[in-house]
Amino acid sequence: QVQLVESGGGSVESGGSLRLSCQFSTRMYSGYCLAWFRRAPGKEREGVAALDTADNTNYIADSMKGRVTIAQDNTKNTLDLQMNSLKPEDTAMYSCAATMTTRGCGDDWSGRLFAHWGHGTQVTVSA
C-alpha cells in the first residue's frame, strides 16, 4: 500500500505563492498517474494538475493554467505543485493522489478513480 503525505500548505495573501509537496512511501515508477486535487468548503472536489510517470506529460486544470506547475522528484520520491498568483478562490484542502494505469492519465484524469490518497494540506488565500 502506497502512503502519501502532503506538506507545504499555509496562509498567504492574494498574489502570493506556495509550493506543495507530496511524499510517497515508495518510488513511483512508470505506470502511474499522479495528481493534485482540491476541495473548497461546500464545493465538489476538483482536479488541479496531473502527471503521467511514463513520459512526464502534465495535465493542468483550466482554472490553474499559467499559475501552477507540477513535477516529480524521483530523488526524493515526491510530487511537487508550485502555485503562483494565488487567489482567494484557491482556498481549499489540497490532496495528492496516485493510481496505476496502463493508458496514462488521459484527458479525463480528473474524473478517474484514484487508488491512493493523502490526507491533505490546507491552503488559505486572503484578499
| Thr99 to Leu113 - nearest heavy-atom pair and separation | OG1-O, 3.6 Å
| said: Would you compute the distance between atom NE2 of His116 and atom SG of Cys22 and round it to the nearest 0.5 angstrom? | reply: 11.5 Å
| Contact summary for Ser95 and Trp117, nearest pair of heavy atoms | CB-CE3, 4.1 Å
| field | Stepwise side chain to side chain contact (heavy atoms under 4.5 Å, CB included) test for Phe24 and Leu34 | value | CA-CA 11 Å; Phe24 298 103; Leu34 310 178; 3.9 Å; yes
| request: Verify the cluster assignment for Val68 and Leu86: are they in a single hydrophobic cluster under the rule of side-chain heavy atoms below 4.5 Å apart? | output: yes
| task | Over all heavy atoms of both residues, which pair between Arg67 and Asp90 is shortest? Give the atoms and the distance, please. | result | NH1-OD2, 2.7 Å
Would you list the atom pairs, donor with acceptor, under 3.5 Å between side chains in residues 11-21 and any protein atom, with sequence neighbours excluded?
from  : atom 1 : to    : atom 2 : distance (Å)
Ser17 : OG     : Asn84 : OD1    : 2.9
Arg19 : NH1    : Gln82 : OE1    : 3.1
Ser21 : OG     : Asp80 : OD1    : 2.8

| query | Once you round to the nearest 0.5 Å, how far does CD1 of Ile70 lie from SG of Cys96? | reply | 9.5 Å
| query | Between Gln3 and Thr26, is any pair of side-chain heavy atoms under 4.5 Å apart? | reply | no
| note | Tightest non-hydrogen contact, residues Ser110 and Phe37, listed as O-CE2, 3.6 Å
| remark: Residue pairs meeting disulfide (SG to SG under 2.5 Å), one or both in residues 26-94, sequence neighbours left out, come to Cys33-Cys105
| For Ala92 and Tyr94, which heavy atoms make the closest approach, and how far apart are they? | O-CD1, 3.3 Å
| When rounded to the nearest 0.5 angstrom, what distance separates OH in Tyr32 from CG in Leu51? | 14.0 Å
| If you look at every heavy atom in Val2 and Met28, which pair is closest and at what distance? | CG1-SD, 4.1 Å
| Straight-line distance of Gln23 CD to Ser25 OG, nearest 0.5 Å | 8.5 Å
| query | Mind checking what makes side chain to side chain donor-acceptor pair (under 3.5 Å) contact with Asp107, not counting sequence neighbours? | reply | none
| Under 3.5 Å, side chain of Thr91 to main-chain N/O of Val125, donor-acceptor pair present? | yes
| Mind checking whether Trp36 and Tyr59 sit in one hydrophobic cluster, side chains of I, L, V, M, F, W, Y counted as touching below 4.5 Å? | no
| task | Verify the cluster assignment for Val5 and Met93: are they in a single hydrophobic cluster under the rule of side-chain heavy atoms below 4.5 Å apart? | result | no
| message | When you measure from the side chain of Thr57 to the backbone of Asp52, do you find a donor-acceptor pair of N or O atoms at a distance under 3.5 Å? | response | no
| message | Tell me every residue that passes side-chain contact (heavy atoms from CB on, under 4.5 Å) with Arg112, counting only those two or more places apart in sequence or in another chain. | response | Thr101, Arg103, Asp108, Phe114
| Which residues satisfy the side chain to side chain donor-acceptor pair (under 3.5 Å) test with Thr102, sequence neighbours excluded? | none
| field | Test salt bridge (Lys or Arg N to Asp or Glu O under 4.0 Å) applied to Glu46 - qualifying residues, sequence neighbours left out | value | Arg38
| said: Quick one: does any side-chain atom of Asn58 pair with a main-chain N or O of Asn56 as donor and acceptor, under 3.5 Å? | reply: yes
